[in-house]
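Report on the structure given below.
Predicted model, so just to flag it, every value in this text is computed and none were measured. Numbering of residues begins at 1 and proceeds along the displayed sequence.
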Amino acid sequence: MQAKVKDFVVNITKLTRAVNQRGFGLILVYDTEHDREYALYDNISAVSEAFPVGSKAYKIASRIFGQNPKPQQIAIVGNTHLDETAGTNAVFTMTVNTKFEAGDTLYINGVKYSCVTENANIDKNEFLASNMSDELIALKRLVEKYEDDFSVSVTQNTLLFTQKIPGQEDIPDVKASGTGKVRPFQVLCKDEKLI
């Protein structure tokens, strides 16, 4: 049995006009300069009664109502009491000023990490003494196993601890002791807020 051949008419049109139907695609303008309850506005003169003509909300509404075709309504709400930085993740840097030597130990958030000359055992949180860059990369891999609150990354002579949850109050607790020969061993931990 052979299927019948049918012709289908397909109309393809290019829509270039803005949507102007009521209730579909309602535009919301969020104003951070003025405290205003949610309200609907039908034209720019209604907006000018609620907002100063030079305000950002008025300028945005003016552009929206200036379109052709224009939407029938827009919504505007305002709130000036927001903490703009509440959602940022704090970044803490642990800067190592000299390379590690065998016998150096670090305690990061209560976990001990030791630098050894050979046969580093990952299960014992040991990393190999070599050049500073390789040491920090090895240390990063070890620290990541235990870190729940921070993601860890490396740049040159620094381990970066970035909060996983914005606004979290935790700060990395870093203690170091150096038993390497005749050299200063210093770790600095500093809080840097991302903006």
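Counting heavy atoms from C-beta outward, Leu28 and Ile74 have side chains that stay 4.5 Å or more apart. Contact check for Pro52 versus Glu33: no side-chain heavy atoms found under the 4.5 Å cut-off. With contacts defined as side-chain heavy-atom distances shorter than 4.5 Å, the pair Tyr58/Ser48 qualifies. Between Ile76 and Arg36, every side-chain heavy-atom pair lies at or beyond the 4.5 Å cut-off. Inter-residue side-chain proximity for Lys140 and Leu159 is flagged as met; some heavy-atom pair is nearer than 4.5 Å. Between Asn125 and Val111, some side-chain heavy-atom pair lies under the 4.5 Å cut-off. Contact of the Val29 side chain with the Lys56 side chain is not registered, since no non-hydrogen atoms from C-beta on lie closer than 4.5 Å. Residues Ile27 and Pro71 form a side-chain contact, since some pair of their non-hydrogen atoms from C-beta on lies under 4.5 Å apart.
The line from CD1 of Ile108 to CG of Leu142 is 9.0 Å long, rounded to the nearest 0.5 Å. The structure places OG of Ser151 at 8.5 Å from CD of Glu144, a figure rounded to the nearest 0.5 Å. In this structure, Ile44 CD1 and Phe65 CZ are separated by 6.5 Å, a value rounded to the nearest 0.5 Å. Rounding to the nearest 0.5 angstrom, the gap separating the CG atom in Leu136 from the CG atom in Leu139 is 6.5 Å.
Asn43 and Ser45 are linked by a side-chain donor-acceptor pair at a separation below 3.5 angstrom, with hydrogens and angles left out of the test. Side-chain contact, Asn121 with Glu126: no donor N or O sits under 3.5 Å from an acceptor N or O.
Two rings, from Phe127 and Phe100, have their centers less than 6.0 Å apart.
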### Message
Show, in sequence, the C-alpha distance, side-chain angles and deciding distance for Asn109 and Glu147, and conclude whether the side-chain hydrogen bond (donor to acceptor under 3.5 Å, both in side chains) test is met.
### Response
CA-CA 8 Å; Asn109 294 333; Glu147 260 323 312; 2.6 Å; yes

### Residue pair Glu37, Val77: steps toward the side chain to side chain contact (heavy atoms under 4.5 Å, CB included) verdict
CA-CA 5 Å; Glu37 299 249 345; Val77 66; over 6 Å; no

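Taking the side-chain contact (heavy atoms from CB on, under 4.5 Å) definition, one finds that Ala129 meets it with Cys115, Glu135, sequence neighbours left out.
Here the closest non-hydrogen pair linking Thr158 and Leu160 is CG2-CD2, 3.8 Å. Heavy atoms only, all atoms of each residue included: Phe51 and Ser55 are closest at CB-OG, 3.7 Å.
If you chain together hydrophobic residues whose side chains sit under 4.5 Å apart, Ile64 and Val47 fall into the same group. Phe150 and Tyr146 fall within the same hydrophobic cluster, where Ile, Leu, Val, Met, Phe, Trp and Tyr residues are linked whenever their side-chain heavy atoms come under 4.5 Å apart, directly or through other members. Under the 4.5 Å side-chain heavy-atom criterion for grouping Ile, Leu, Val, Met, Phe, Trp and Tyr, Met132 is not connected to Leu128 through any hydrophobic cluster.
Residue-environment remark: CD1 (Ile122) stays at or below the threshold of 12 foreign heavy atoms within 6.0 Å.
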